[in-house]
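The structure appears below as C-alpha cells.
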Amino acid sequence: MPKKLSRRAIVGAIPAFVALSSCSALSRAGSSGSGSADQGGPIVFGVSGPVTGSSAEYGQYWKEGFDLALEELNAAGGVGGRQIELKWEDSQSDPKQSVPIAQKFVADNTILAELGDFSSGASMAASATYQQARLVQFGFTNSNPDFTKGGDHMWSTSLTQEFYQTRSAQWIAGKYRKISLVYLETDWGKTSFDIFKASAAGAGLEIAYESPIQPDSEDYRPVLIKARDAEPQAIVHLGYGPDGARIVRQLREIGFTGQFFGGQNTPQFLEAAGSAAEGTIIIENFLIGNDSPEVVDFNKRFKAKFGHDPSTFSAYSYDAVNILAEAVRRGGATREGIFKALSDGGTWQAVQFGDFEFSPDRRPGDVKLLPVTVKDGAYAPVTTS
C-alpha cells in the first residue's frame, strides 16, 4: 500500500499552500472593483474550508482534488484562455469563522463563486451572506437537506443525509434483521441517526442497541461491549473515517466477529484500521472500487500525481471545480453568468455520477448507491446475489 501522509504532515502542509495560492490570487487580481471578468485576468473561486483544526485532514483531501482539477483545466487553456485560481480562507469548519469569510468573499469582486464549507453547519451559517450578495455558494460536501433551502444561490453535488441514510437502512435490511447502531454526537450524527432509525423501522430492521459516541474519543469499548452484548447480526457506525477506524479495531479487540458497516472510503481509513477493516462494508456513491471507466481513469490520473488512491473527498472537490469551470464556459465569467448556467439546467459531468442533471433542490438527481467492501486490504465492489 502506498505511504500515506501523517496527520502532522497534513496539518503542516496546507498553510503554506494557502499562503501561496492566496498571495498569487491577490497579486494577480489587482485592486479593481470590477473583478477579473472585465480585465481578462484569472478566473477566481473562493474556498472556505478547514486548513487547521479537527477537520484539517479533509482540507488536505480537498486540496488534492482541487490541484488535479486545476492542473488539467489550466493545461488545457483554462476557460476561454483564462487560468483558474482558488483563493483559500481557513474556516476550521467553524460557523464563527465561515461568516466573516463569506463577508470577505462577497466584498471581493474578483471572486466569481464560492466552494465550501466542509460541514453543513459552517456553510449554512454563511448562506444568508452569499444569498444576499447573489454569489453562488457551492457546498459540495454539505449533506444536510436544509443547505440548499437557504436560497437559490446554494448548490451542491453532495447527496443528502436523507438520501444516504434511507437507502443505507433499506440496503442493510435486505440482508440483516437485527443490528446495533452507534453514531456521532454532532448535529450531522444526530440528524443521520434520526433518519436511519425511522427508515430502519419502516424496513423491518431491528435496532437492538443504540448509542451516541464522541468524535474525539480514543476508547469506545464501554459502548461497544454493550453493542456486542445485544447480540446483533451487524454493527452500524454513522460517522467518519478516524472514529470509524478506532471503532472497528476495538470491536475486533473485544471479540465481535460479525459484519461492520461504517468508516469511510479513504486510504487513511484503511491505514488507520489495518487488518481490522477486512470485511467492512461502506455504502457510498463514489468508490475506489468502482469499475466505471470514468472512475478508473480518475483513479489512475490521481495516483500518478499523488502516489496514492483518492479519498472520496478528493473526488468531491475535483468535480466541484470542474462543474464551476463548465458553468463559466456556458454562462460567462461573472457571478450572474455562473448562476444562470447552473439554473438553466442541462447535463453536467462528474466522476461521482457520470452524466447527471440537477434536481429542483439544486442537487444531483437519480443517483445510485454503490457499496464497497474491504477485501485483502483494498476496496472492492460488494458482490450481490
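No experiment lies behind these values; they were computed from the predicted model shown.
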Basic-acidic side-chain contact under 4.0 Å: [X], [Y]:
X: D297; Y: R301; result: yes
X: R221; Y: E253; result: yes
X: E326; Y: R330; result: yes

Distance-only donor-acceptor hits, side chain of residues 194-202, under 3.5 Å, sequence neighbours excluded:
unit_1 : atom_1 : unit_2 : atom_2 : d
K197   : NZ     : E210   : OE1    : 3.2
K197   : NZ     : E210   : OE2    : 3.2
S199   : OG     : T166   : OG1    : 3.3
S199   : OG     : I195   : O      : 2.9

Aromatic plane relationship, F193 with Y183 - under 30° parallel, 30 to 60° tilted, over 60° perpendicular = parallel
Parallel, tilted or perpendicular: which fits the ring planes of F306 and F302, with parallel below 30° and perpendicular above 60°?
-> tilted
Hey, does the Lys NZ or Arg CZ of R246 hover above the aromatic six-ring of Y220, less than 6.0 Å from the centre and inside 45° of the axis?
-> no
Step-by-step ring pair (Phe, Tyr, Trp, His ring centres under 6.0 Å) determination, W155 to F140 = CA-CA 8 Å; W155 295 76; F140 59 94; over 10 Å; no
Would you please say whether a donor-acceptor pair under 3.5 Å links the side chains of D319 and T157?
-> no
Please answer whether the main-chain N or O of P310 pairs with a side-chain N or O of N299 as donor and acceptor at a distance below 3.5 Å.
-> no
For the side chain of E114 and the backbone of A102, is there at least one donor-acceptor N/O pair under 3.5 Å apart?
-> no
Are the side chains of N144 and T160 in touch, meaning some heavy atoms are under 4.5 Å apart?
-> no
Side chains of I283 and Y164: does their closest heavy-atom pair fall under 4.5 Å?
-> no
Between F298 and Y318, ring centroids under 6.0 Å | yes
H153 ring center within less than 6.0 Å of F339 ring center = yes
Which side chain to side chain donor-acceptor pair (under 3.5 Å) pairs, counting each pair once, include a residue from residues 354-365, with sequence neighbours left out?
-> S156-R363, S359-D361
Hey, any chance V47 and V99 share a hydrophobic cluster, counting ILVMFWY side chains that come within less than 4.5 Å of each other, even indirectly?
-> no
